[in-house]
*Asks:* 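One structure coming up, written as structure tokens, with questions to follow.
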Amino acid sequence: MKAAVFRKPIDEEEEEEEVCNVFDSETQTTSSHDTKNNLKGFFTSLLSMEEKHDQKRARTISEEENGDTTTNRKKPRASRDVTESEPVQQRRLWVKDRSRAWWEEECNRFDYPEDDFKNAFRMSKSTFNLICDELNAAVAKENTALRNAIPVRQRVAVCVWRLATGEPLRLVSKKFGLGISTCHKLVPEVCKAIKDVLMPKYLQWPDEESLRSVGETFEAVSGIPNIVGSMYTTHIPIIAPKISVAAYFNKRHTERNQKTSYSITIQAVVNPRGVFTDLCIGWPGSMSDDQVLEKSLLYQRANSGGLLKGSWVAGGPGHPLLDWVLVPYAQQNLTWTQHAFNEKMGEVQRVGKEAFGRLKGRWACLQKRTEVKLQDLPTVLGACCVLHNICEIREEKMEAELMVDVVDDEVLPENGLRSVSAMKARDDISHDLLHHGLAGTSFL
């Protein structure tokens, strides 16, 4: 079509009109002489337009060579020359200005009152400084061109205060003058550093010499020989997970509280000082105590015979009687001897239960449903247990009003008696307690 040779852009309506004009001229009943004249005039106009365009282009090139620019062309934006009188603008740090007065002007001052610091962080300044020094290499970050790194002390303080208070990240952010997303990322990072760096040092199974000392202390408390730890399993409430909801449903807590509950478990072995010596974290709340025990590394190592030889771990009614697990009598119509034994076992069991009471009292985040993702929760719980051990080892006193009364509904295992030799040993211990006057009379 002839209209296609036009170079200037046209819209569809103009194109159709032009095309129609061409075809109309062909259909008119004119002579061949008139048709030739029309075509001649058409091509003449085309040539004239091309000549004008070439002339304009040549004039523009000539002016550019002479350094003269026309007013019709847009001038390129000239680069701005910085004179000596103008100050060089510094690169702006991409950090929102937030108030950090509470941390920088109060808590982080050397003269900040010790009691106020302990109320906020559940530990003394010296213990906090020890943790910061231990974590310095793992937590420290370098400054960048856009922002200064958050100091190690402030990183640790954000994590510890969040664990101690259980406050939402929105309030943590406001308290320390940091962004919510920064706090959300910072807490798991510090918890992971605590687990990786401090757990191997402050949470470990006792050596043979320590086991003898632990056994003597427990025997002085209960009269039962060769006990190397008090085992207890507690539940930590969580938000209903998106997957495997039924596995984390805690039926016993739901029935007792008349409110749907989901939880995750912590099984721990505790020494007489309330320090955790073994942990098993993360199994769903629908599992009973004996099921959690069977999934633990402690169970595998003890059954292989390499961990406990002639020693006992004192369990509760929810644990089975094994060659290395000593539990109270669970049947009804107990004899005086069996009552006496259960009473002494209760004193040993109280050590583990009170340790969990201090754990949940110090770290209030364990008392409420947490915002932490389920896959990150075992790391956070492990960090709480390590910090608990550091406080217990350094004999950090805790206010009595912070102590939590731990309530966990223990379910008797289907097969509670799994060792004949352990049954006989338990009967012998019961008789020795009663006949040697160690059982007391409170059961009467």
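Only this structure's heavy atoms are used, side chains among them; waters, hydrogens and symmetry mates stay out.
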*Asks:* Do D289 and Y232 meet the criterion of a side-chain donor-acceptor pair at a distance under 3.5 Å?
*Replies:*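 No pair is found: no donor N or O on one side chain lies under 3.5 Å from an acceptor on the other.
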*Asks:* Considering all heavy atoms of both residues, which atom of F218 and which atom of S230 are nearest to each other, and what is their separation?
*Replies:* CZ-N, 4.1 Å
*Asks:* Are more than 12 heavy atoms, taken from residues, nucleotides or ligands other than Q375, located less than 6.0 Å from that residue's CD atom?
*Replies:*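 Yes.
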*Asks:* So, E347 and R350, do they make that salt bridge, N to O below 4.0 Å?
*Replies:*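 Not counted as a salt bridge, because no side-chain N and carboxylate O are separated by less than 4.0 Å.
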*Asks:* With distance as the sole test, does T337 use its side chain to make a donor-acceptor pair with the main-chain N or O of S430 at under 3.5 Å?
*Replies:* no
*Asks:* Between Y329 and F341, how do the two ring planes meet: parallel, tilted or perpendicular, split at 30° and 60°?
*Replies:*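 Rings of Y329 and F341: perpendicular, as their planes differ by over 60°.
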*Asks:* Counting neighbours of CD on Q367 that are heavy atoms of other residues, nucleotides or ligands and sit closer than 6.0 Å, is the number greater than 12?
*Replies:*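 For Q367, atom CD is crowded (more than 12 foreign heavy atoms under 6.0 Å).
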*Asks:* Can you name the closest pair of heavy atoms from A425 and W312 and give their distance?
*Replies:*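 Heavy atoms only, the tightest pair is CB-CZ2, 3.8 Å.
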*Asks:* Do the non-hydrogen side-chain atoms of W102 and C107 ever get within less than 4.5 Å of each other?
*Replies:*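 A side-chain contact under 4.5 Å exists here.
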*Asks:* Please report the C-alpha distance between K195 and V386 in whole Å, then the side-chain angles of each, then the deciding distance to 0.1 Å, and finally whether the side-chain contact (heavy atoms from CB on, under 4.5 Å) criterion is met.
*Replies:* CA-CA 7 Å; K195 182 178 75 69; V386 173; 5.9 Å; no
*Asks:* Answer yes or no: is there a donor N or O on one side and an acceptor on the other, between the side chain of N342 and the main chain of P328, under 3.5 Å?
*Replies:*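 Such a contact is absent between N342 side chain and P328 backbone.
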*Asks:* Quick check for you: to the nearest 0.5 Å, what is the distance between I266 atom CD1 and L366 atom CG?
*Replies:* 6.0 Å
*Asks:* Working to the nearest 0.5 angstrom, can you tell me the gap between D376 CG and E189 CD?
*Replies:*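 Reported value, rounded in 0.5 Å steps: 11.0 Å.
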*Asks:* State which residues pass side-chain hydrogen bond (donor to acceptor under 3.5 Å, both in side chains) with S311; sequence neighbours excluded, sorted by chain then number.
*Replies:*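 Partners of S311 under the side-chain hydrogen bond (donor to acceptor under 3.5 Å, both in side chains) test: none.
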*Asks:* Are L387 and Y202 close enough that some pair of their side-chain heavy atoms sits under 4.5 Å apart?
*Replies:*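 In short, these two side chains do not touch, never coming nearer than 4.5 Å.
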*Asks:* Hydrogens and angles aside, do D323 and S421 bring a side-chain donor and acceptor to less than 3.5 Å of each other?
*Replies:* yes
*Asks:* Under a 3.5 Å distance rule, please check whether E114 uses its side chain to pair with a backbone N or O of K125 as donor and acceptor.
*Replies:*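 Checked: pair present.
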*Asks:* Using modelled atom types only, decide if a donor and an acceptor are shared between the side chain of R155 and the backbone of I150 within a distance under 3.5 Å.
*Replies:*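 Flag set: sc R155 to bb I150 pair under 3.5 Å.
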*Asks:* In the structure I gave you, are the side-chain heavy atoms of S286 and K251 within less than 4.5 Å of one another anywhere?
*Replies:*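 Contact flag for S286/K251 side chains = no.
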*Asks:* Go through it in stages, so that I can follow the logic: the residues are D133 and R153, the test is salt bridge (Lys or Arg N to Asp or Glu O under 4.0 Å), and I'd like the CA-CA distance, side-chain angles, deciding distance and then a yes or no.
*Replies:* CA-CA 9 Å; D133 293 340; R153 287 179 59 85; over 6 Å; no
*Asks:* Apply side-chain contact (heavy atoms from CB on, under 4.5 Å) to I238 and L377, showing your working.
*Replies:* CA-CA 9 Å; I238 62 172; L377 194 53; 3.4 Å; yes
*Asks:* Do other residues, nucleotides or ligands put more than 12 heavy atoms under 6.0 Å from R256 CZ?
*Replies:*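 Yes.
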*Asks:* Restricting to non-hydrogen atoms, name the atom on K353 and the atom on V406 that form the minimum distance, rounded to 0.1 Å.
*Replies:*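 Result for this residue pair: CE-O, 2.9 Å.
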*Asks:* Any chance you could lay out the side-chain contact (heavy atoms from CB on, under 4.5 Å) test for L135 and I131, step after step, and finish with the verdict?
*Replies:* CA-CA 6 Å; L135 296 179; I131 295 172; 3.8 Å; yes
*Asks:* For E142, does the CD atom have more than 12 heavy-atom neighbours from other residues, nucleotides or ligands under 6.0 Å away?
*Replies:*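 Count not over threshold, so no.
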*Asks:* Got a donor-acceptor contact below 3.5 angstrom from the N271 side chain to the V214 backbone?
*Replies:*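 No, because the side chain of N271 does not come within donor-acceptor range (under 3.5 Å) of the backbone of V214.
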*Asks:* If we ignore hydrogens and angles and just use 3.5 Å, is the side chain of H388 paired with the main-chain N or O of G274 as donor and acceptor?
*Replies:* yes
*Asks:* After noting the C-alpha distance and the side-chain angles of T254 and K259, does the key distance pass the side-chain contact (heavy atoms from CB on, under 4.5 Å) rule?
*Replies:* CA-CA 5 Å; T254 299; K259 183 178 180 180; over 6 Å; no
*Asks:* Rounded to the nearest 0.5 Å, how far apart are CG of L322 and CG of N303?
*Replies:*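 Between L322 CG and N303 CG, I get 6.5 Å after rounding to 0.5 Å.
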*Asks:* Just so I know, are the side chains of Y248 and L374 near enough to count as touching, which here means a heavy-atom distance under 4.5 Å?
*Replies:* yes
*Asks:* Do V327 and P320 have side chains that get closer than 4.5 Å, going by heavy atoms?
*Replies:*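 No, their side chains stay 4.5 Å or more apart.
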*Asks:* Tell me the closest heavy-atom pair linking C385 and L279, and the distance in Å.
*Replies:* CB-CD1, 3.6 Å
*Asks:* Q204 versus T277: any side-chain heavy-atom pair under 4.5 Å?
*Replies:* no
*Asks:* Could you tell me if E396 and T127 have a donor-acceptor pair between their side chains, going purely by distance under 3.5 Å?
*Replies:* yes
*Asks:* Using modelled atom types only, decide if a donor and an acceptor are shared between the side chain of Q154 and the backbone of P151 within a distance under 3.5 Å.
*Replies:*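 Checking the backbone N and O of P151 against the side chain of Q154, no donor-acceptor pair under 3.5 Å is found.
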*Asks:* Quick one: OG on S288 to CH2 on W283, what's the gap to the nearest 0.5 Å?
*Replies:* 12.5 Å
*Asks:* Would you say NZ of K118 has more than 12 non-hydrogen atoms from neighbouring residues, nucleotides or ligands within 6.0 angstrom?
*Replies:*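 Yes.
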*Asks:* Are I227 and I224 side-chain neighbours, meaning at least one heavy-atom pair lies under 4.5 Å?
*Replies:*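 A side-chain contact under 4.5 Å exists here.
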*Asks:* Say you draw a straight line from CG of L433 to CE of M345; how long is it, rounded to the nearest 0.5 Å?
*Replies:* 10.5 Å
*Asks:* Looking at D111, I'd like to know if its CG atom is crowded, meaning that more than 12 non-hydrogen atoms belonging to other residues, nucleotides or ligands lie closer than 6.0 Å.
*Replies:* yes
*Asks:* Could you pull out the closest heavy-atom pair between V325 and H319, with the gap in Å?
*Replies:*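 Answer, listing the atom of V325 first, then H319: CG1-CB, 4.3 Å.
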*Asks:* Between S213 and S210, is there a side-chain donor-acceptor contact under 3.5 Å, judged purely by atom types and distance?
*Replies:* no
*Asks:* Measuring from atom CG of L434 to atom CD of Q338, what distance do you get when rounded to the nearest 0.5 angstrom?
*Replies:*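 The distance works out to 11.0 Å.
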*Asks:* Indicate the ring-plane relationship of W161 and F176, choosing parallel, tilted or perpendicular according to the 30° and 60° boundaries.
*Replies:*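 Aromatic pair W161/F176 classed perpendicular.
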*Asks:* With heavy-atom distances below 4.5 Å as the criterion, would you say the side chains of L326 and R426 are in contact?
*Replies:* yes
*Asks:* If the test is salt bridge (charged side-chain N to carboxylate O under 4.0 Å, His left out), which one of R122, R358, K397 qualifies with E392?
*Replies:* R358
*Asks:* Does D278 use its side chain to pair, donor to acceptor, with the backbone of A268 at less than 3.5 Å?
*Replies:* no
*Asks:* Within a 6.0 Å radius of atom NZ on K309, are there more than 12 heavy atoms belonging to other residues, nucleotides or ligands?
*Replies:*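 Counting other residues, nucleotides and ligands, NZ of K309 stays at 12 neighbours or fewer.
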*Asks:* Measure from the side-chain N and O atoms of R162 to the backbone N and O of C365, and report whether any donor-acceptor pair falls under 3.5 Å.
*Replies:*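 Pair absent, no side-chain N/O of R162 close to backbone of C365.
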*Asks:* I'd like to know if K175 pairs up with E167 as an ion pair, taking the criterion as any Lys NZ or Arg NE/NH1/NH2 lying under 4.0 Å from an Asp or Glu carboxylate oxygen.
*Replies:* no
*Asks:* Side chains of K360 and T234 only: does a donor on one sit below 3.5 Å from an acceptor on the other?
*Replies:* yes
*Asks:* Looking at every heavy atom in both A302 and W324, which two are closest together, and how far apart are they?
*Replies:* CB-CE2, 3.3 Å
*Asks:* Does CD belonging to E209 count more than 12 external heavy atoms closer than 6.0 Å?
*Replies:* no
*Asks:* Classify the ring geometry of F356 against F276: parallel below 30°, tilted from 30° to 60°, perpendicular beyond 60°.
*Replies:*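 Tilted: the ring planes of F356 and F276 meet at 30° to 60°.
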*Asks:* Just by modelled atom types, is the N250 backbone N or O under 3.5 Å from a matching donor or acceptor in the S263 side chain?
*Replies:* no
